[in-house]
Amino acid sequence: MSETCDVAHGTAPADPGLRTLVAVFASPVSRYLLKFARELGYHVALFEPDPARVTDVPEGFEADTVLPSLDASADVVVTDHHRAELGSVLKAALEGKPRWVGVLGNPRHPGPHVAALQGLGVGDEDIARVHRPVGLNIGSRTPPEIALATLAAQHHDGPLSRRQRS
């Protein structure tokens, strides 16, 4: 069979590259990001800095109140741009040198992450590494749709795509 047939029939070998997705903040969208990303073969982690919210985690997943170690294999998706910790979380993530950092949000509104990072003394070059909006524009409105659009963009032509890893 051809590679295309192998993919269609589910017999193509899994991609051996380590793929890590860190969802930041326990939220309805992060619940679906974690579930869908695990099914796609990603190593997943949930970072929730507020210990009171660590209990809002999908069954079978664990949350950490400390940002996991990040490297060039990690993509970070911030799922709530209204949280007070937004700036400090993004600053810490950027310092870990992940492959990609994105913040969910409506593209028609300015991203609050810019002012938050500037207020913490983060330089313009690092602020420019933060992507917003993220995800394919498929008209997503519900948490599962938003998670799907985010992962589809990552898998299609984002930092975790085969084209960019090879």
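Note that the CG atom of Leu86 and the CZ atom of Phe25 stand 6.0 Å from one another [nearest 0.5 Å]. The CD1 atom of Ile146 sits 13.0 Å away from the CG atom of Leu136 when rounded to the nearest 0.5 Å. Separation of atoms CD (Glu59) and NZ (Lys35) is listed at 9.0 Å; rounding is to 0.5 Å. Here Leu33 contributes atom CG and Leu104 contributes atom CG; the two are 7.0 Å apart, rounded to the nearest 0.5 Å. Note that the NZ atom of Lys91 and the CD1 atom of Ile127 stand 11.0 Å from one another [nearest 0.5 Å]. The CZ atom of Phe61 sits 9.5 Å away from the CZ atom of Arg31 when rounded to the nearest 0.5 Å.
The side chain to side chain contact (heavy atoms under 4.5 Å, CB included) with Val78 is formed by just one residue from the set Val134, Val22, Val24; it is Val24.
Between Leu34 and Ala23, the closest heavy-atom pair is CD2-CB, 4.2 Å. Pairing each heavy atom of Val57 with each of Val54, the nearest pair is CG2-O, 2.7 Å. Listed here is the closest heavy atom pair of Ala93 and Pro98: O-CD, 2.9 Å. Closest non-hydrogen pair, Arg132 versus Asn106, comes out as NH2-O, 3.0 Å. The two residues Ala26 and Leu46 make their nearest non-hydrogen contact at N-CD1, 4.1 Å. Across all their heavy atoms, Leu21 and Ala37 have their closest contact at CD2-CB, 3.6 Å.
In the model, Glu145 has a side-chain atom that pairs as donor or acceptor with a side-chain atom of Thr142 under 3.5 Å.
No donor-acceptor pair closer than 3.5 Å links the side chain of Arg99 to the backbone N or O of Val76.
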Item to check | Pair Asp126-Leu117, side-chain contact (heavy atoms from CB on, under 4.5 Å): steps then yes or no | outcome: CA-CA 9 Å; Asp126 278 334; Leu117 289 169; over 6 Å; no
Checklist entry - Would Asp50 and Arg83 satisfy side-chain contact (heavy atoms from CB on, under 4.5 Å), going step by step from the backbone distance to the final call? => result CA-CA 10 Å; Asp50 182 353; Arg83 294 278 295 268; 3.7 Å; yes
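Phe36 and Trp100 fall within a single hydrophobic cluster, where Ile, Leu, Val, Met, Phe, Trp and Tyr side chains are chained together by heavy-atom contacts under 4.5 Å. Neither Val130 nor Val77 shares a network with the other; the hydrophobic side chains, linked directly or stepwise wherever heavy atoms of I, L, V, M, F, W or Y lie under 4.5 Å apart, form separate groups for each. Two different hydrophobic clusters hold Phe47 and Val29 under the rule that ILVMFWY side chains link at heavy-atom gaps under 4.5 Å.
Contact of the Thr65 side chain with the Pro49 side chain is not registered, since no non-hydrogen atoms from C-beta on lie closer than 4.5 Å.
Heavy atoms from other residues, nucleotides or ligands lying under 6.0 Å from CG of Asn137 number 12 at most.
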